[in-house]
Amino acid sequence: MNTQHIHTQTLLPQSFCFQKHPFFLSSQAQFQHKKFATFTIKKSRCFSGFTGSKVRSSVREVEEKKQAEQQVVKRAYPFHEIEPKWQSFWEKNRTFRTPDEIDTSKPKFYVLDMFPYPSGAGLHVGHPLGYTATDILARLKRMQGCNVLHPMGWDAFGLPAEQYAIETGTHPKLTTLRNINRFRTQLKSLGFSYDWDREISTIEPDYYKWTQWIFLQLLKRGLAYQAEVPVNWCPALGTVLANEEVVDGVSERGGHPVIRKPMRQWMLKITAYADRLLEDLDDLDWPESVKEMQRNWIGRSEGAELDFYAVDSIGQKRDIKITVYTTRPDTLFGATYLVVAPEHPLLSSLVSTALSKNVEEYKEIASRKSDLERTELQKEKTGVFSGCYARNPANGEAIPIWVADYVLGSYGTGAIMAVPAHDSRDHEFALKYDIPICWVVSPEDESCVESRKAYSGEGTVMNSSNATSGLDINGLNCKEAASRVIEWAEKTGNGKKKVNYKLRDWLFARQRYWGEPIPVIFLEGTSESVPLHETELPLTLPELDDFTPTGTGEPPLSKAVSWVNITDPSSGKPANEKQAPCHSGLVLAVGISMSVQFVT
């Protein structure tokens, strides 16, 4: 008998006919009792042989089957019994602790996970996804006889805790410690084999003493410096915002307008290692597609920096030099206009009085866009004429200088020579603003010329000769012509060979409170900075009751007057520690979960 569907003939008296009862007018009906399963009554002409014993027997069969299934599941893995028992045993006996005194005859193996940021939401599925793999590796190496070090820690400084603190008035340290406790409990419940005696938290002075020490070493070697760079500035909130806090040009919190504003920030010169990063990719056992993504991210390109001098209304050379970077010096004769970024430092000296209002309005609009929005290939190109001209050094022609947001001040020199015949962006811009287009490369496929679209490929150079400048590259292929132009530019002082990268130096300071202080003091009344002596580390974060943004761009640390205003211990001069803390610090473990084997 099917215990889920008991035929109606076994349920109702013979004299009862469902066809005459309104309850049974549907194709089927269900009976349900709080102590029994749900039974479906199917249509039948009449019912006979109804007995309560048969129903009870069927219910018992269902319950027995259910209990049997539960026992099978329980036998498969009774985690409610096993996990608490052994997790308690591991913690009590410090099973996974790496002893201070180890058997040096065994190989060492260091398994380091990326430290999680302890958010209020707790662990997400991505955490155990990576941690499970490294835990398997750690357990394997222990079974293979290695001395395994497998710690856990917290990348605990950061923006979310500070934002929550500002909104609730709770000090970020309190919420961070509460979140850490939650993360620790969750990780222990997963049974990972961490050495919890070596737990690390980046908010502890004993830890960030060493990130500050690393910073000082970078500073000594010229790899840490300060520079004016554009940041996301929200006037209404009075603070710098991270990229993820800006949505469609407004702040995520409050929907206030956000602009790009140059501010002095700390930078790390990672571009100094660009070539080494590229070269070392060849030795990595990674999928080729991933390595190619890395190469594109570094974006090494070879070209030239060429100088264009501004000219006045009568064509006389002015003492203003605009340097452009180009990967196609072979197309120099085809440059019919220049484009400078809205944030270019020379722009104010280039703009004519009559057009200054137009340029300022355009700069304001551009400042509300992210770099990604500005360089989106599909977006409509926009710009304004500066009212100024520059002389093309190859042919002596005066060409207009435009301001357009598809050129970024942070890439190259912040200015380009526009060759509309051989660049799709420049071509689109030139058509829109009726700027001359001059073809200087003849493609092998004549249909490219007939289409009148920009041709960015290689071919034979044409229309590229001038007796006055002494440059003639007609008839050469593009590579030969590029070399010839660079050689001419260096000889005549009009430019030089240049290698450029898409990779940019790392901006890592923001106008925030919740981060380790930078161990540098600034002598009062000067721009001179003095690094703290290593023996004075750590420079600890002061306790502040008011850690809200100042509204002026100054970091909240400026409110800690007694902490900021100090005396330089080496010279005795008045100084200050007026600075923005690191956003999340020079964390020793960054990137992806990894394992490291010591070479002994």
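Within a 6.0 Å radius of NZ in K559, more than 12 heavy atoms belonging to other residues, nucleotides or ligands are found. No more than 12 heavy-atom neighbours from other residues, nucleotides or ligands sit within 6.0 angstrom of CG on D545. Counting heavy atoms of neighbouring residues, nucleotides and ligands inside a 6.0 Å radius, atom NZ of K291 exceeds 12 of them. For K497, the NZ atom is loosely surrounded, since the number of other residues' heavy atoms within 6.0 Å does not exceed 12. When the shell of 6.0 Å around OH of Y225 is examined, it contains more than 12 heavy atoms from other residues, nucleotides or ligands.
Formation of a donor-acceptor pair under 3.5 Å by the R182 side chain with backbone atoms of G120 is found in this model. Panel note: side chain E458, backbone K479; no donor-acceptor pair is recorded below 3.5 Å. Proximity of a side-chain donor or acceptor of T202 to a complementary backbone N or O of W154 within less than 3.5 Å is detected. T132 places no side-chain N or O within 3.5 Å of a backbone atom of L129 that could act as its donor or acceptor partner. Although no hydrogens or angles enter the test, the distance criterion places no donor-acceptor pair under 3.5 Å between the side chain of S88 and the main chain of K85. Looking only at distances, a side-chain donor or acceptor of E536 sits under 3.5 Å from a matching main-chain atom of H533. Proximity of a side-chain donor or acceptor of Q186 to a complementary backbone N or O of L123 within less than 3.5 Å is detected. With hydrogens and angles disregarded, no donor-acceptor distance shorter than 3.5 Å links the side chain of H256 to the backbone of S251. Side-chain atoms of D423 come within 3.5 Å of backbone atoms of R425 as a donor-acceptor pair (strictly under, hydrogens ignored). With T327 contributing its side chain and G303 its backbone, the two residues share no donor-acceptor pair below 3.5 Å.
Scanning all heavy atoms of the two residues, the minimum distance from F547 to T170 falls at CZ-O, 3.6 Å. The two atoms that bring D135 and G191 nearest to each other are OD2-O, 4.3 Å, heavy atoms only. In terms of heavy-atom proximity, L219 sits nearest to P531 at CD2-CB, 3.8 Å. When all heavy atoms of P257 and C234 are compared, the closest pair comes out as O-SG, 3.7 Å. Closest non-hydrogen pair, E534 versus L216, comes out as CG-CD1, 4.1 Å. Residue A156 comes nearest to I203 through the heavy atom pair CB-CG2, 3.4 Å, listed as atom of the first residue, atom of the second, then distance.
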Audit row: I102, K106, side-chain contact (heavy atoms from CB on, under 4.5 Å) steps and yes/no = CA-CA 8 Å; I102 60 173; K106 295 180 179 180; over 6 Å; no
Go through the steps for W196 and R97 under the test side-chain contact (heavy atoms from CB on, under 4.5 Å), then give the verdict.
-> CA-CA 7 Å; W196 287 107; R97 185 181 185 276; over 6 Å; no
How far apart are the C-alpha atoms of V111 and F109, what are their side-chain angles, what is the distance that settles it, and do they pass the side-chain contact (heavy atoms from CB on, under 4.5 Å) test?
-> CA-CA 6 Å; V111 184; F109 202 83; 3.4 Å; yes
Please test T176 against W514 for side-chain contact (heavy atoms from CB on, under 4.5 Å), starting from the C-alpha separation and ending with a verdict.
-> CA-CA 10 Å; T176 299; W514 192 232; 3.6 Å; yes
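Here the side chains of D155 and P116 are not in contact, with every heavy-atom distance at 4.5 Å or above. Between F79 and P84, every side-chain heavy-atom pair lies at or beyond the 4.5 Å cut-off. The side-chain heavy atoms of V520 and V530, taken from C-beta on, include no pair separated by under 4.5 Å. Inter-residue side-chain proximity for Y513 and H171 is flagged as met; some heavy-atom pair is nearer than 4.5 Å. Considering only heavy atoms from C-beta on, P151 stays 4.5 Å or farther from E199 through its side chain. Here the side chains of V229 and P262 are not in contact, with every heavy-atom distance at 4.5 Å or above. Using a 4.5 Å cut-off on side-chain heavy atoms (C-beta onward), L537 and P519 make contact. Residues W233 and S367 fail the side-chain proximity criterion, which asks for heavy atoms closer than 4.5 Å.
To the nearest 0.5 Å, atoms CD1 (I270) and CG (L218) are separated by 11.5 Å. Interatomic distance, CD of Q87 versus CG of L190, reported as 8.0 Å (0.5 Å rounding).
Salt bridge status for E288 with R295: present, with a side-chain N to carboxylate O gap under 4.0 Å. Taking a cutoff of 4.0 Å between a charged side-chain nitrogen and a carboxylate oxygen, R276 and D282 do not qualify as a salt bridge. By the 4.0 Å N-to-carboxylate-O rule, E279 lies too far from R300 to be salt-bridged with it. With salt bridges taken as basic N to acidic carboxylate O contacts below 4.0 Å, one links E91 and K188.
When only modelled atom types and interatomic distance are considered, Y117 and N179 share no side-chain donor-acceptor pair under 3.5 Å. Between the side chains of S456 and R328, no donor-acceptor pair of N or O atoms lies under 3.5 Å. Side-chain contact annotation: T413 with E305, donor-acceptor N/O pair under 3.5 Å absent. Side-chain contact, Y501 with D275: a donor N or O sits under 3.5 Å from an acceptor N or O. Using modelled atom types and a 3.5 Å distance limit, the side chains of S301 and N500 yield no donor-acceptor pair. Side-chain contact, S105 with D103: a donor N or O sits under 3.5 Å from an acceptor N or O. Looking at N181 and R178, their side chains never bring a donor and an acceptor atom within 3.5 Å of each other. Defined by atom type and a distance below 3.5 Å, a donor-acceptor pair is missing between the side-chain atoms of Y207 and Q212.
Taking the six-membered ring where the residue is Trp, Y411 and Y325 present perpendicular rings, their angle passing 60° and hence far from 30°.
The distance between the ring centers of H150 and F192 does not fall below 6.0 angstrom.
A cation-pi contact, defined as under 6.0 Å to the ring centre and within 45° of the axis, links R139 to W90.
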